[in-house]
Amino acid sequence: MGSRASTLLREEEIEEIKKETGFSHSQITRLYSRFTSLDKGENGTLSREDFQRIPELAINPLGDRIINAFFPEGEDQVNFRGFMRTLAHFRPIEDNEKSKNSAASEPLNSRTNKLLFAFRLYDLDRDDKISRDELLQVLRMMVGVNISDEQLGSIADRTIQEADTNGDNSISFNEFIKVLEKVDVEQKMSIRFLH
(Lines give C-alpha, C1' and ligand atoms only; values in the text may rest on other atoms or scores of the structure.)
Protein backbone atom coordinates (compact mmCIF):
# COMPACT_ATOMS: atom_id res chain seq x y z
CA MET A 1 0.00 0.00 0.00
CA GLY A 2 1.26 3.52 -0.75
CA SER A 3 2.32 6.11 1.76
CA ARG A 4 -0.48 7.14 4.13
CA ALA A 5 1.15 10.55 4.36
CA SER A 6 0.40 11.54 0.78
CA THR A 7 -3.14 10.16 0.74
CA LEU A 8 -4.46 11.84 3.88
CA LEU A 9 -2.98 15.34 3.54
CA ARG A 10 -4.69 17.46 0.90
CA GLU A 11 -2.82 20.10 -1.13
CA GLU A 12 -5.02 22.86 0.33
CA GLU A 13 -4.08 21.78 3.85
CA ILE A 14 -0.39 21.75 2.94
CA GLU A 15 -0.68 25.28 1.51
CA GLU A 16 -2.47 26.55 4.64
CA ILE A 17 0.15 24.95 6.91
CA LYS A 18 2.95 26.44 4.75
CA LYS A 19 1.46 29.93 5.20
CA GLU A 20 0.87 29.48 8.90
CA THR A 21 4.19 27.87 9.85
CA GLY A 22 6.74 28.74 7.16
CA PHE A 23 7.64 25.08 6.58
CA SER A 24 8.26 23.97 2.98
CA HIS A 25 6.05 21.48 1.15
CA SER A 26 8.62 18.68 1.53
CA GLN A 27 9.15 19.44 5.23
CA ILE A 28 5.40 19.25 5.83
CA THR A 29 5.00 15.92 4.03
CA ARG A 30 8.06 14.49 5.85
CA LEU A 31 6.74 15.68 9.23
CA TYR A 32 3.29 14.30 8.37
CA SER A 33 4.89 10.92 7.76
CA ARG A 34 6.59 11.16 11.18
CA PHE A 35 3.29 12.29 12.75
CA THR A 36 1.40 9.30 11.32
CA SER A 37 4.12 6.90 12.49
CA LEU A 38 3.69 8.27 16.04
CA ASP A 39 -0.13 8.06 15.80
CA LYS A 40 -0.53 4.59 17.30
CA GLY A 41 -4.31 4.99 17.56
CA GLU A 42 -4.43 5.81 13.82
CA ASN A 43 -7.07 8.47 14.52
CA GLY A 44 -5.28 11.52 13.11
CA THR A 45 -4.21 12.82 16.53
CA LEU A 46 -1.38 12.26 18.99
CA SER A 47 -1.77 11.65 22.69
CA ARG A 48 0.79 12.38 25.41
CA GLU A 49 1.64 8.66 25.37
CA ASP A 50 2.46 8.89 21.65
CA PHE A 51 4.94 11.68 22.41
CA GLN A 52 6.45 9.75 25.31
CA ARG A 53 7.52 7.06 22.83
CA ILE A 54 9.97 9.55 21.27
CA PRO A 55 13.32 8.56 22.82
CA GLU A 56 14.71 12.13 22.86
CA LEU A 57 11.70 13.35 24.84
CA ALA A 58 11.64 10.32 27.10
CA ILE A 59 15.18 11.05 28.34
CA ASN A 60 14.86 14.86 28.39
CA PRO A 61 14.39 16.14 31.97
CA LEU A 62 11.91 18.69 30.62
CA GLY A 63 10.27 16.15 28.31
CA ASP A 64 6.89 16.32 30.07
CA ARG A 65 6.91 20.13 29.95
CA ILE A 66 7.78 20.06 26.23
CA ILE A 67 5.08 17.47 25.55
CA ASN A 68 2.53 19.59 27.43
CA ALA A 69 3.36 22.53 25.15
CA PHE A 70 1.82 20.62 22.24
CA PHE A 71 -1.58 20.41 23.92
CA PRO A 72 -4.01 23.31 24.27
CA GLU A 73 -5.26 23.69 27.84
CA GLY A 74 -7.75 20.97 28.72
CA GLU A 75 -7.01 18.92 25.58
CA ASP A 76 -5.47 15.46 25.59
CA GLN A 77 -5.05 15.06 21.81
CA VAL A 78 -3.30 17.19 19.21
CA ASN A 79 -4.01 17.08 15.48
CA PHE A 80 -1.39 17.52 12.73
CA ARG A 81 -1.99 21.25 12.40
CA GLY A 82 -1.49 21.84 16.14
CA PHE A 83 1.61 19.62 15.99
CA MET A 84 3.02 21.75 13.15
CA ARG A 85 2.18 25.02 14.93
CA THR A 86 4.21 23.93 17.95
CA LEU A 87 7.12 22.64 15.86
CA ALA A 88 7.17 25.95 13.96
CA HIS A 89 8.54 27.64 17.10
CA PHE A 90 11.73 25.65 16.54
CA ARG A 91 12.09 26.42 12.84
CA PRO A 92 15.24 28.50 12.27
CA ILE A 93 14.66 32.11 11.25
CA GLU A 94 15.81 32.57 7.67
CA ASP A 95 17.57 35.79 6.65
CA ASN A 96 14.67 36.78 4.36
CA GLU A 97 12.22 36.48 7.30
CA LYS A 98 14.04 38.99 9.51
CA SER A 99 12.99 42.01 7.42
CA LYS A 100 9.39 41.02 6.66
CA ASN A 101 6.54 43.47 7.07
CA SER A 102 6.13 44.04 10.78
CA ALA A 103 2.44 44.89 10.33
CA ALA A 104 1.77 41.24 9.47
CA SER A 105 1.29 38.86 12.38
CA GLU A 106 4.54 37.72 13.89
CA PRO A 107 5.71 34.30 12.65
CA LEU A 108 5.59 31.42 15.11
CA ASN A 109 9.38 31.14 14.95
CA SER A 110 10.03 34.81 15.80
CA ARG A 111 12.28 35.64 18.74
CA THR A 112 9.29 36.80 20.81
CA ASN A 113 7.31 33.62 20.14
CA LYS A 114 10.34 31.42 20.87
CA LEU A 115 10.79 33.26 24.19
CA LEU A 116 7.08 32.95 24.99
CA PHE A 117 7.32 29.20 24.35
CA ALA A 118 10.33 28.94 26.71
CA PHE A 119 8.60 31.14 29.31
CA ARG A 120 5.59 28.82 29.32
CA LEU A 121 7.85 25.84 30.11
CA TYR A 122 8.60 27.56 33.43
CA ASP A 123 5.16 29.09 34.08
CA LEU A 124 3.67 25.85 35.40
CA ASP A 125 0.38 27.33 36.64
CA ARG A 126 -0.05 29.57 33.55
CA ASP A 127 -0.52 32.76 35.57
CA ASP A 128 1.86 34.72 33.29
CA LYS A 129 4.67 34.87 35.83
CA ILE A 130 7.37 32.53 37.06
CA SER A 131 7.36 32.18 40.84
CA ARG A 132 10.24 30.95 42.98
CA ASP A 133 8.43 27.62 43.46
CA GLU A 134 7.93 27.17 39.70
CA LEU A 135 11.57 27.98 39.06
CA LEU A 136 12.59 25.48 41.75
CA GLN A 137 10.39 22.75 40.23
CA VAL A 138 11.90 23.24 36.77
CA LEU A 139 15.45 23.39 38.16
CA ARG A 140 14.76 20.16 40.06
CA MET A 141 13.54 18.53 36.83
CA MET A 142 16.72 19.61 35.08
CA VAL A 143 19.31 18.63 37.68
CA GLY A 144 17.56 15.85 39.56
CA VAL A 145 19.27 14.97 42.82
CA ASN A 146 22.71 16.22 41.73
CA ILE A 147 22.31 19.49 43.66
CA SER A 148 20.98 19.95 47.17
CA ASP A 149 17.67 21.72 47.82
CA GLU A 150 19.63 24.47 49.56
CA GLN A 151 21.79 25.05 46.47
CA LEU A 152 18.73 25.00 44.20
CA GLY A 153 16.98 27.50 46.47
CA SER A 154 20.01 29.76 46.28
CA ILE A 155 20.03 29.55 42.44
CA ALA A 156 16.29 30.30 42.31
CA ASP A 157 16.64 33.25 44.71
CA ARG A 158 19.54 34.73 42.74
CA THR A 159 17.72 34.28 39.45
CA ILE A 160 14.57 35.99 40.73
CA GLN A 161 16.63 38.75 42.34
CA GLU A 162 18.44 39.47 39.05
CA ALA A 163 15.36 39.26 36.82
CA ASP A 164 12.64 40.80 39.01
CA THR A 165 12.65 44.53 38.25
CA ASN A 166 9.22 45.39 39.71
CA GLY A 167 9.77 43.75 43.11
CA ASP A 168 6.90 41.22 43.03
CA ASN A 169 9.24 38.25 43.70
CA SER A 170 8.40 36.63 40.37
CA ILE A 171 9.50 36.91 36.74
CA SER A 172 7.06 38.37 34.23
CA PHE A 173 7.36 37.72 30.50
CA ASN A 174 8.85 41.19 29.95
CA GLU A 175 11.42 40.56 32.69
CA PHE A 176 12.15 37.16 31.11
CA ILE A 177 12.76 38.86 27.75
CA LYS A 178 15.08 41.41 29.35
CA VAL A 179 17.18 38.73 31.09
CA LEU A 180 17.60 36.85 27.81
CA GLU A 181 18.22 39.87 25.57
CA LYS A 182 21.86 38.92 24.96
CA VAL A 183 21.14 35.20 24.45
CA ASP A 184 20.99 33.92 20.88
CA VAL A 185 17.53 32.42 21.33
CA GLU A 186 17.04 32.11 17.57
CA GLN A 187 20.01 29.71 17.42
CA LYS A 188 19.46 27.87 20.71
CA MET A 189 15.77 27.24 20.03
CA SER A 190 16.11 26.03 16.46
CA ILE A 191 16.00 22.56 15.01
CA ARG A 192 17.29 22.04 11.48
CA PHE A 193 14.40 20.47 9.59
CA LEU A 194 15.41 18.80 6.34
CA HIS A 195 14.32 20.61 3.19
Side-chain angles (χ1 to χ4, degrees), residues 20-22 46-52 54 56-78 81-93 97-98 100 102-191:
E20 192 175 2
T21 65
L46 297 180
S47 67
R48 284 178 170 75
E49 293 74 34
D50 292 328
F51 279 97
Q52 288 163 343
I54 301 170
E56 296 82 357
L57 285 175
I59 62 167
N60 187 317
L62 293 178
D64 284 341
R65 297 295 309 141
I66 294 167
I67 291 168
N68 284 340
F70 280 88
F71 296 89
E73 197 163 354
E75 298 287 321
D76 60 356
Q77 301 284 311
V78 64
R81 200 154 186 167
F83 175 77
M84 291 301 291
R85 251 189 244 111
T86 302
L87 284 181
H89 289 91
F90 298 98
R91 195 173 60 76
I93 297 173
E97 290 179 291
K98 290 178 181 165
K100 277 198 175 165
S102 60
S105 70
E106 208 165 291
L108 293 169
N109 67 332
S110 70
R111 177 179 178 82
T112 301
N113 281 326
K114 285 177 184 283
L115 285 169
L116 186 57
F117 185 93
F119 180 82
R120 288 180 176 154
L121 292 179
Y122 288 90
D123 183 16
L124 303 176
D125 64 6
R126 296 183 177 201
D127 66 350
D128 296 326
K129 57 184 183 269
I130 301 168
S131 68
R132 180 184 188 275
D133 285 343
E134 288 170 321
L135 189 54
L136 269 174
Q137 282 182 57
V138 174
L139 287 170
R140 220 172 262 119
M141 288 177 215
M142 291 169 34
V143 299
V145 294
N146 299 326
I147 296 180
S148 73
D149 282 349
E150 188 178 314
Q151 289 170 309
L152 281 178
S154 176
I155 292 168
D157 290 339
R158 267 199 325 268
T159 303
I160 299 246
Q161 188 178 3
E162 286 176 26
D164 179 25
T165 56
N166 67 0
D168 67 352
N169 289 320
S170 63
I171 303 170
S172 69
F173 181 57
N174 287 335
E175 291 166 336
F176 188 79
I177 289 173
K178 188 101 178 100
V179 166
L180 295 173
E181 68 187 352
K182 290 179 177 64
V183 175
D184 187 2
V185 172
E186 294 85 347
Q187 176 65 37
K188 292 191 185 310
M189 284 189 68
S190 290
I191 299 170

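Below, all heavy atoms of this structure are taken into account, side chains as well, without hydrogens, waters or symmetry copies.
A donor-acceptor distance shorter than 3.5 angstrom exists from the side chain of K114 to the backbone of M189, with no hydrogens or angles considered. Side-chain atoms of R65 come within 3.5 Å of backbone atoms of L121 as a donor-acceptor pair (strictly under, hydrogens ignored). Judged by distance alone, with hydrogens and angles left aside, the side-chain atoms of N113 form no donor-acceptor pair with the main-chain N or O of S110 at under 3.5 Å. Counting only distance, with no hydrogens or angles, the side chain of E20 and the backbone of A88 share no donor-acceptor pair below 3.5 Å.
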For this session: Report the C-alpha separation of E49 and S47 in whole Å, then their side-chain angles, then the decisive distance to 0.1 Å, and conclude whether the side chain to side chain donor-acceptor pair (under 3.5 Å) test is met.
Result: CA-CA 5 Å; E49 293 74 34; S47 67; 3.1 Å; yes
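Looking only at side-chain heavy atoms (C-beta outward), T86 and F71 stay at 4.5 Å or farther from each other. You'll find the side chain of M142 reaches within 4.5 Å of the side chain of V138, heavy atoms only. A 4.5 Å side-chain heavy-atom check between R81 and T21 finds every atom pair outside the cut-off. Between S154 and R158 there is a side-chain heavy-atom pair separated by less than 4.5 Å. Looking only at side-chain heavy atoms (C-beta outward), F173 and D128 stay at 4.5 Å or farther from each other. Using a 4.5 Å heavy-atom cutoff, the side chains of E134 and D127 are in contact.
A tilted orientation is assigned to the rings of F70 and F51, their planes being inclined by 30° to 60°.
Comment: R132 engages D157 in a salt bridge, judged by a side-chain N to carboxylate O separation of less than 4.0 angstrom. Under the 4.0 Å criterion applied to side-chain N and carboxylate O atoms, E181 and K178 are assigned as salt-bridge partners. A salt bridge does not link R48 to D64: none of the charged side-chain nitrogens sits closer than 4.0 Å to a carboxylate oxygen.
Considering CG of N60 and CD1 of I54, their distance stands at 11.0 Å, rounded to 0.5 Å. Between D168 atom CG and K129 atom NZ the span is 6.5 Å, to the nearest 0.5 Å. Remark: T159 OG1 to D164 CG distance equals 11.5 Å, nearest 0.5 Å. The CE atom of M141 sits 6.5 Å away from atom CG of L62, with the distance rounded to the nearest 0.5 Å. The CG atom of N166 sits 10.5 Å away from the CD1 atom of I171 when rounded to the nearest 0.5 Å. The distance from atom CG of L136 to atom CG of D149, rounded to the nearest 0.5 Å, is 8.0 Å.
Residue-environment remark: CZ (R120) stays at or below the threshold of 12 foreign heavy atoms within 6.0 Å. The number of heavy-atom neighbours closer than 6.0 Å to OH of Y122, taken from other residues, nucleotides and ligands shown, is 12 or below.
Of all the heavy atoms in F176 and L115, the pair that sits closest is CE2-O, 3.5 Å. The minimum heavy-atom distance between L180 and R111, with the atom names listed, is O-NH2, 2.7 Å. Closest of all the heavy-atom pairs between L108 and H89 is O-CD2, 3.2 Å.
No side-chain N or O of D133 forms a donor-acceptor pair with one of S131 less than 3.5 Å apart.
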